[in-house]
Amino acid sequence: MNMAKQPQQAVVTGGGSGIGLAIAQRLASEGHAVTVLGRDIDKLRQAVSDIQGGKMEVCDVTDKASVKIAFGQIGPVSILVNNAGIVSTAPFHKTAPETWQQTMDVNVMGAVHCMQEALPAMKEANRGRIVNIASTAALKGYAYVSAYVASKHAVLGLTRSLALELAKTGITVNAVCPGYTRTGIMEQSIKTVAGKTGRSAGEAEAEFARANPQGRLIEPDEVAAAVSWLVSDEAASITGQAIAVAGGEVM
Ligand code: NAD
């Protein structure tokens with residue numbers, strides 16, 4: 001069995017935009033049958049038109065019942081990329097309980113729901129690849145995004161625990177931890193910082209880029225390349241890892 005060469009059934013959550021779209025395109029270009037799963041039907045339609053042989057499922061990952069229905073439609077999956085995620089920026093004392101709940105619901109429970117639906121078929125086949133798109137925020141703290149950082153630390157803890165639980169199977173579970181990456185989420189953060197500090201968008205972007213020792217934002221394709229390797233057969237012994245794609249920001 002060669003997971004690098006044999007086409008697999010893959011699901012990418014939040015695959016309608018940004019990093020998820022780049023991952024979906026990359027996996028499809030490698031011959032995998034890719035379903036993008038997300039909330040926004042227009043974004044998904046556009047994405048599917050850009051993904052060779054791509055399919056879509058409209059689904060909010062926080063809704064366990066919808067996730068179950070979506071995975072029922074898709075059928076057995078051997079690659080699951082939990083990429084759907086949200087971030088909101090505020091000082092800790094202004095971060096409302098609703099923000100905490102929503103952030104944990106999407107970033108943590110969304111991945112939990114999808115893994116619980118995907119795992120039975122992976123276990124039966126005794127093979128599978130789960131990649132959780134965490135963040136450098138799973139490996140270090142950042143000010144003014146406490147809920148996001150806590151949720152990404154939780155994703156990494158979940159990744160490590162599940163990797164151990166599944167270590168005797170052919171299923172691996174890993175996290176990819178991008179630094180600041182050029183996507184919609186990033187544009188939103190740049191606008192927020194510019195709005196709150198009176199700096200221009202260019203200055204705010206340069207501030208984010210400075211966090212990366214290479215002095216630049218990460219490109220979504222660079223994250224997709226790491227995922228491509230982790231889902232390959234060659235990465236069978238890589239499990240429970242946090243792979244930073246961040247130009248040396250964490251080490
Ligand atoms: P993005 O906003 O383009 O992508 C997030 C996707 O998740 C969107 O398509 C959105 O519709 C989807 N989504 C959100 N809530 C959902 C829900 N409840 N159900 C289903 N889909 C939902 O942003 P991105 O930068 O591409 O982010 C992708 C992932 O990468 C996120 O988990 C994010 O935390 C992580 N990440 C991003 C950066 C960055 O700088 N851009 C850095 C590190 C990690």
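Atoms considered below: every heavy atom in the structure, side chains included; atoms not considered: hydrogens, waters and symmetry mates. Atoms within a ligand are numbered from 1 in the order they appear, just like the ligands themselves. Residue numbers run from 1 in the order of the sequence given.
Among protein residues, G14, S17, G18, I19, G38, R39, K43, C59, D60, V61, T62, N83, A84, G85, I86, V106, I133, A134, S135, Y148, K152, P178, G179, Y180, T181, T183, I185, M186 come within 4.0 Å of ligand 1, judged on heavy atoms.
Not a single salt bridge (Lys or Arg N to Asp or Glu O under 4.0 Å) links E117 to another residue, sequence neighbours left out. Partners of R26 by salt bridge (Lys or Arg N to Asp or Glu O under 4.0 Å), not counting sequence neighbours, listed by chain and number: E30. Every residue was checked against the ring-ring contact (aromatic ring centres under 6.0 Å, His included) condition with Y144, not counting sequence neighbours, and none meets it.
Summarising the local packing, NZ of K196 is surrounded by more than 12 heavy atoms from other residues, nucleotides or ligands at distances under 6.0 Å.
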Derivation and outcome, side-chain hydrogen bond (donor to acceptor under 3.5 Å, both in side chains), residues T136 and Y142: CA-CA 9 Å; T136 45; Y142 292 88; 2.6 Å; yes
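If you chain together hydrophobic residues whose side chains sit under 4.5 Å apart, M109 and W100 never meet in one group.
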